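Accompanying notes for the structure given below.
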Amino acid sequence: MGAGFGGLGVAIALKRAGHHDFVVLDKAPGIGGVWRDNTYPGAACDVPASLYSYSFGPRYPWSRRYAPQTEILDYLRSCVAAHGLGPHLRLGQEVTEAVFDEDQLVWRLRTAAGETVEAEVFVAACGQLNRPVVPAIPGAERFTGRAFHSARWDHGHALRGRRVAVVGTGASALQIVPAIADEVEHLTVFQRSAPYVVPKWDRVLDTSRSLPRPVRDLRHKAARLGWWLFNESLVSGLTRRWPTIGLTRRGSEAQLTKQLTDPVLRARLTPTTAIGCKRVGISSTYYPALQRPDVTLVTEPITELTETAIRTADGVRHEVDTIVYATGFATTDFLGPLRVRGRRGAELSRLWSDGARAHLGMTVPGFPNLFLVYGPHTNIGAGSAVYMIESQIRYIRAAVRELVKGTRAYLEVRPEVAEAFDAEMTRRTRRSVWATCTSWYRHPSGRVTNNWPGQTVEYRRRTARLDLRHFRPAVPRQRRP
């Protein structure tokens with residue numbers, strides 16, 4: 001379930017291992033996940049493309065170090081074509097319920113269209129950033145202008161000559177604001193808390209074919225290794241509060257000082273939280289855009305919407321006719337509205353009422369043959385989520401290989417194994433920087449549920465082998481016809 005990097009990666013791995021009896025379902029009419037949905041102006045990845053891509057290719061002629069959204073989506077389409085995934089795709093199929101049948105030992109997935117799909121293995125790869133959140137603002141129903149979330153961009157609504165508000169200053173806003181500042185009549189940016197913003201070392205890449213293929217591959221691998229090592233060096237500053245994070249903070253402070261000449265504006269854009277507790281922004285154009293005379297930064301809280309304006313706590317009315325909500329996603333609600341029931345009718349949403357938990361971010365006691373991709377504790381504060389996803393892909397491929405042998409009826413992680421892992425994650429994330437403020441990494445209960453509290457190499461090592469001791473014994477039995 002899910003046709004983004006996670007779901008497509010699992011599908012490719014299955015085909016390469018000789019498994020062909022699978023389907024990939026997605027509620028949208030096209031593949032791509034977040035890179036299908038986020039088509040706002042300036043949309044691009046903030047991880048270098050050499051690292052934010054599959055290690056198994058195919059190679060793609062990236063035009064820039066930080067790939068734009070259109071190229072990432074095209075890259076995923078090229079992966080589908082190269083690996084022959086087309087016949088396996090069932091797009092426009094929203095899964096609403098998944099129930100494990102203990103008698104038949106299968107998962108039954110029901111779609112919004114009323115269809116049923118039966119599968120012996122269910123991989124939920126719907127990601128963490130696919131359900132937009134729009135804040136409940138008093139008077140929103142009175143606003144007569146156009147309002148939409150950044151992940152649901154209204155391309156039929158021209159911004160030229162309009163008074164536009166961008167609510168939020170997260171990763172999407174840092175890209176949107178510079179991209180539309182030249183087009184709109186006036187841009188008002190509403191900031192709740194100032195983000196750390198480090199320079200974006202972007203550059204145009206040589207896409208020519210003049211160099212021999214081995215040389216091009218070597219350059220790609222060298223860039224991938226270099227960026228991976230760079231990000232690994234930063235992780236300990238987030239997870240263990242080591243001084244290495246100071247390099248990132250100094251980079252942010254230097255850019256703030258260099259690019260902002262107005263001391264008042266600089267003070268309002270100076271972060272007050274510990275660096276890394278929220279996602280660090282990457283942009284070299286955001287601060288200059290905020291200094292434009294036709295751009296206003298507002299730091300007072302929003303109190304209500306009127307027919308034509310946004311009112312803030314200081315009583316000021318900010319006249320706008322378009323509102324862009326760059327307000328993020330329901331990140332800690334990992335499976336969203338999907339109802340998942342395992343053995344003995346256990347409901348996953350109830351087990352996760354105080355925050356999601358899964359052994360290695362993938363398996364849950366009571367839910368046999370269910371594997372999560374990009375589940376709890378698999379996001380990272382520095383580096384590539386695709387690298388983490390590849391670790392999970394290899395683990396799931398090994399699980400399918402074991403099930404195909406027929407020596408086990410199913411794979412279900414032992415409760416004590418999952419509990420020990422969760423206790424470890426709780427202990428380690430408590431001492432991380434992510435526990436120091438409220439962010440999309442934390443569940444409302446206070447638990448840090450999204451992030452991996454170590455380096456990606458540790459996660460790769462711990463998922464490199466399917467340890468059957470972690471699973472309950474499940475002797476095969478004859479399935480009913």
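Counting from 1, the numbers follow the sequence of the chain as shown. Note that the structure is predicted; figures quoted are calculated from it, not measured.
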Next item on the list: Please name all residues satisfying side-chain contact (heavy atoms from CB on, under 4.5 Å) with Thr426, sequence neighbours left out, ordered by chain then number.
Entry: Asp422, Arg430, Arg447
Checklist line | Separation between CZ of Arg357 and NE2 of His443, rounded to the nearest 0.5 Å | finding: 9.0 Å
Notebook entry, point to check: Do Ser193 and Lys278 meet the criterion of a side-chain donor-acceptor pair at a distance under 3.5 Å?
Noted result: yes
Next item on the list: Check the pair Gln455 / Ser236 against side chain to side chain contact (heavy atoms under 4.5 Å, CB included), numbers first and verdict last.
Entry: CA-CA 7 Å; Gln455 293 175 307; Ser236 294; 4.3 Å; yes
Margin query: Working to the nearest 0.5 angstrom, can you tell me the gap between Asn130 CG and Asp333 CG?
Written below: 9.5 Å
Margin query: When you measure from the side chain of Trp228 to the backbone of Gly383, do you find a donor-acceptor pair of N or O atoms at a distance under 3.5 Å?
Written below: no
Next item on the list: Working to the nearest 0.5 Å, report the span between OG1 of Thr456 and CG of Asn231.
Entry: 8.5 Å
Checklist line | Check: Gln128/Thr331 side-chain N/O donor and acceptor closer than 3.5 Å | finding: no
Notebook entry, point to check: Do Arg460 and Glu232 meet the salt-bridge criterion of a basic N to acidic O distance under 4.0 Å?
Noted result: no
Notebook entry, point to check: Can you list every disulfide bond (SG atoms under 2.5 Å apart) pair that touches residues 272-303, not counting sequence neighbours?
Noted result: Cys277-Cys437
Notebook entry, point to check: Looking only at atom types and distance, does a side-chain atom of Arg249 sit under 3.5 Å from a main-chain N or O of Ile275, one as donor and one as acceptor?
Noted result: no
Notebook entry, point to check: Are the aromatic ring centres of Tyr40 and His149 under 6.0 angstrom apart?
Noted result: no
Checklist line | Parallel, tilted or perpendicular: ring planes of Trp201 versus Trp227, cut at 30 and 60 degrees | finding: tilted
Next item on the list: Look at the rings of Phe421 and His377 and say which category their plane angle falls in: under 30° parallel, 30 to 60° tilted, over 60° perpendicular.
Entry: perpendicular
Notebook entry, point to check: How many angstroms lie between CG in Leu305 and CD1 in Ile323, if you round to the nearest 0.5 Å?
Noted result: 4.5 Å
Checklist line | Sidechain-backbone polar pair: Thr327 side chain, Val133 backbone, donor-acceptor under 3.5 Å | finding: yes
Next item on the list: Check the pair Val386 / Leu51 against side chain to side chain contact (heavy atoms under 4.5 Å, CB included), numbers first and verdict last.
Entry: CA-CA 8 Å; Val386 178; Leu51 186 57; over 6 Å; no
Item checked: The single option from Leu360, Val364, Thr363, Ile393 passing side chain to side chain contact (heavy atoms under 4.5 Å, CB included) against Phe371 -> Thr363
Notebook entry, point to check: Taking only residues two or more places apart in sequence or in another chain, which ones pass salt bridge (Lys or Arg N to Asp or Glu O under 4.0 Å) with Glu390?
Noted result: Arg224, Arg394
Note to self: Run the salt bridge (Lys or Arg N to Asp or Glu O under 4.0 Å) test against Arg131 and tell me which residues pass, sequence neighbours left out.
What the structure shows: none
Note to self: So, using side-chain contact (heavy atoms from CB on, under 4.5 Å) as the criterion, who are the partners of Leu256 when residues are at least two apart?
What the structure shows: Leu260, Arg266, Leu269, Thr270, Tyr287
Check: Which residue pairs pass the salt bridge (Lys or Arg N to Asp or Glu O under 4.0 Å) test when at least one of the two sits in residues 56-81, sequence neighbours left out?
Finding: Arg59-Asp217, Arg64-Asp202
Check: Got a sec, which pairs hit salt bridge (Lys or Arg N to Asp or Glu O under 4.0 Å) with one end in residues 153-178, sequence neighbours left out?
Finding: Arg146-Asp154, Arg163-Asp321
Notebook entry, point to check: Is it true that atom CZ of Arg142 has more than 12 heavy atoms of other residues, nucleotides or ligands lying nearer than 6.0 Å?
Noted result: yes
Next item on the list: Would you please indicate yes or no on a ring centroid separation below 6.0 angstrom for Tyr54 and Phe5?
Entry: yes
Next item on the list: Would you mind listing every ring pair (Phe, Tyr, Trp, His ring centres under 6.0 Å) that reaches into residues 178-197, with sequence neighbours excluded?
Entry: Phe190-His318
Next item on the list: Please list, chain by chain and in numerical order, all residues satisfying side-chain contact (heavy atoms from CB on, under 4.5 Å) with Arg152, sequence neighbours excluded.
Entry: Asp37, Pro132
Notebook entry, point to check: Tell me, which pairs form a disulfide bond (SG atoms under 2.5 Å apart) where one or both residues lie in residues 148-207, sequence neighbours left out?
Noted result: none
Item checked: Point-to-point distance, once rounded to the nearest 0.5 Å, from CG of Asp26 to CG of Leu91 -> 6.5 Å
Next item on the list: Please identify each residue that fulfils side-chain contact (heavy atoms from CB on, under 4.5 Å) with Pro288, with sequence neighbours left out.
Entry: Gln259
Next item on the list: Please name all residues satisfying salt bridge (Lys or Arg N to Asp or Glu O under 4.0 Å) with Arg279, sequence neighbours left out, ordered by chain then number.
Entry: Asp46
Next item on the list: Applying side chain to side chain contact (heavy atoms under 4.5 Å, CB included) between Pro453 and each of Met425, Arg427, Glu424, report the one that passes.
Entry: Met425
Note to self: Walk me through whether Val373 and Val123 qualify under side chain to side chain contact (heavy atoms under 4.5 Å, CB included).
What the structure shows: CA-CA 7 Å; Val373 175; Val123 178; 3.7 Å; yes
Note to self: For Ala254, is there any backbone N or O sitting under 3.5 Å from a side-chain donor or acceptor partner on Thr257?
What the structure shows: no
